[in-house]
2 protein chains.
Amino acid sequence: MANILAIDDDAAILRLIKKMLEMKNHTVTTIQDIKDITIAEINKHHLLLLDVMMPGEDGFDICTKIRPLIHIPIIFMTAKSDESSIIKGLSIGGDDYIIKPFSIHEVNARIEAHLRREARPKREAASAFIDNNIFIDLEAKKVIFQGQEITLTKIQYKICELLALHKGKVFSKEGIYEAVYSMDSDSQISTVVEHIRVIRKKFAQYNLSPINTVWGVGYIWE
Amino acid sequence: MANILAIDDDAAILRLIKKMLEMKNHTVTTIQDIKDITIAEINKHHLLLLDVMMPGEDGFDICTKIRPLIHIPIIFMTAKSDESSIIKGLSIGGDDYIIKPFSIHEVNARIEAHLRREARPKREAASAFIDNNIFIDLEAKKVIFQGQEITLTKIQYKICELLALHKGKVFSKEGIYEAVYSMDSDSQISTVVEHIRVIRKKFAQYNLSPINTVWGVGYIWE
DNA sequence: TTCAATGTTGATAGAGTCTTGATGTTTTAT
DNA sequence: ATAAAACATCAAGACTCTATCAACATTGAA
């Protein structure tokens, strides 16, 4: 039983979806215009059904725009059945793509699959992959790029793990220091700067530069 | 670049899948019999492609059995295209269902979507809001337009946040100064004017001009 | 204990940001 | 129409934060 948000310009389709999903005991909010809802409100739902062909801003545009801020699955529902549209939809951040006219049962099965997956506890993965590109082996405490290990020292690895597992979040030097060092240690903050430099140097050997500087704030992995 | 496991009884199909995904820089392990691999080994991969029709235990049986122990996405790949099979596959724990013969590009797009989703950090709803299609992420302290960040410096961002959060309200230069600067700083008011100019310039690159001048009073976001 | 690897520090160069004043432009009031 | 006031623009340089490097300290393994 989830809160599902459906956005479509066609009121009849919205009614159908709503009726159908409410029969499965979901709560459904329907919206005809994206402007009627805020990002925060979207995130309060568990899943977003998004029509593609709408007057003005279409579903692809909306997805591109909101995806970085939305943390729920986005499922496109559209009559556009050509392969390039499917690929586009999935590429810009869609989690699934359902073609109209759709089978009520399949839609429901797909929604259930997505909801189940959201609920699935993220076990402590032995390896996390960042950007589909850099692997971080949390057990072995290693960073691997294209099958090759980028050898890091303990502190260097810890900093990388912290930043990489929270990619997109800015960490201040102080924040990094506190996360990586034990309470009682009292080095100067500038050691963090030095570690960052060495880490960057090592990554640069592989033409990687994942750590960016946010001026006056700190460092960010992106 | 992920470690992908493909299970199918047909060696030819496995070769095809392997070749295709390796072209996309994934690492692919192929298995013809589920008995050749352990649960722990499966979990070391990032995604499982599972054939349905196999002699002995079929894909559905396997999925049912291992799903509670497997934490990676499972994608069925099968020629069984009838609705009830799709629904069954998704119901018993499959995360997606691809029908043979498949489009290489669509398979890849779906795999990418699943991998991206695994990498997606589970975050609280970001406290962000929209205005004129401009997103302001109060947590990340970023301004985003059409998925792209408009890079602002610290002070520039603060001014934008102040104005945008109170859109429709006019702020005097003095008001902006006091809101953005710390007590003890004593710059001239004209620096605010300069900041506004640079902010406008940055927004103008995207054909945006959210900040208007109210003569003799101050600035307003609308 | 010794040596090599790693971690820390401070000095300095470098890059990014902020501020200022001079100057040009637009608006308002007379 | 003109002057005064408010705002916009620009470039220079002051300022702040970051990157780099080399020297020194510490740790850990042989």
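To find a chain, count down the sequence lines: A is the first, B the second, and so on, and within it residues start at 1. Heavy-atom basis, side chains included; hydrogens, waters and symmetry copies ignored.
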Asks: Can a salt bridge be assigned to the pair B/Asp95 and B/Arg67 using a cut-off of 4.0 Å between side-chain N and carboxylate O?
Replies: yes
Asks: Taking DNA chain D as the partner, which of residues 193-203 of chain B come within under 4.0 angstrom of it by heavy atom?
Replies: B/Val193, B/Glu194, B/Arg197, B/Arg200
Asks: Taking the six-membered ring for Trp, are B/Phe203 and B/Trp221 parallel (under 30°), tilted (30 to 60°) or perpendicular (over 60°)?
Replies: perpendicular
Asks: Taking only residues two or more places apart in sequence, or in another chain, which ones meet B/Lys19 in a salt bridge (Lys or Arg N to Asp or Glu O under 4.0 Å)?
Replies: none
Asks: Between A/Lys100 and A/Asp10, is there a side-chain N and carboxylate O pair less than 4.0 Å apart?
Replies: no
Asks: Are the side chains of A/Ile70 and A/Asn43 in contact, using a 4.5 Å heavy-atom criterion?
Replies: yes
Asks: Give the first and the last nucleotide of DNA chain C, reading 5' to 3', that has any atom under 4.0 Å from a heavy atom of chain B.
Replies: C/dT17 to C/dT27
Asks: Using whole Å, report how far OH of A/Tyr219 lies from P of D/dC17.
Replies: 13 Å
Asks: Hey, which of these two, B/Trp215 or A/Trp215, hits DNA chain C nearer its 5' end, going by closest nucleotide?
Replies: A/Trp215
Asks: Could you tell me how far apart A/Tyr181 (OH) and D/dT26 (C1') are, to the nearest whole angstrom?
Replies: 12 Å
Asks: Could you check whether the rings of B/His195 and B/Tyr181 sit parallel, tilted or perpendicular, using 30° and 60° as the cut-offs?
Replies: tilted
Asks: Using C1' atoms of five pairs at each end, report the bend of the helix from C/dT1-D/dA30 to C/dT30-D/dA1 rounded to 10 degrees.
Replies: 30°
Asks: Using salt bridge (Lys or Arg N to Asp or Glu O under 4.0 Å) as the criterion, list what pairs up with A/Asp96, not counting sequence neighbours.
Replies: A/Arg110, B/Arg110
Asks: Remember a base hit wins even if backbone is also touched, and classify B/Ser187 as base, sugar-phosphate or nothing at under 4.0 Å, heavy atoms.
Replies: sugar-phosphate
Asks: Can you establish whether the number of heavy atoms outside B/Ile104 located under 6.0 Å from its atom CD1 is more than 12?
Replies: no
Asks: Do the ring planes of A/Phe76 and A/Phe60 sit parallel (below 30°), tilted (30 to 60°) or perpendicular (above 60°)?
Replies: perpendicular
Asks: In this structure, how many angstroms lie between the C1' atom of D/dA19 and the CG atom of A/Asn212, rounded?
Replies: 14 Å
Asks: Mind checking what makes salt bridge (Lys or Arg N to Asp or Glu O under 4.0 Å) contact with B/Glu194, not counting sequence neighbours?
Replies: B/Arg197
Asks: Before accepting this row, confirm whether a basic side-chain N of the pair B/Glu112/B/Lys24 lies closer than 4.0 Å to the acidic partner's carboxylate O.
Replies: no
Asks: At less than 4.0 Å, is any side-chain N or O atom of A/Lys173 found next to OP1 or OP2 of D/dT18? Yes or no.
Replies: yes
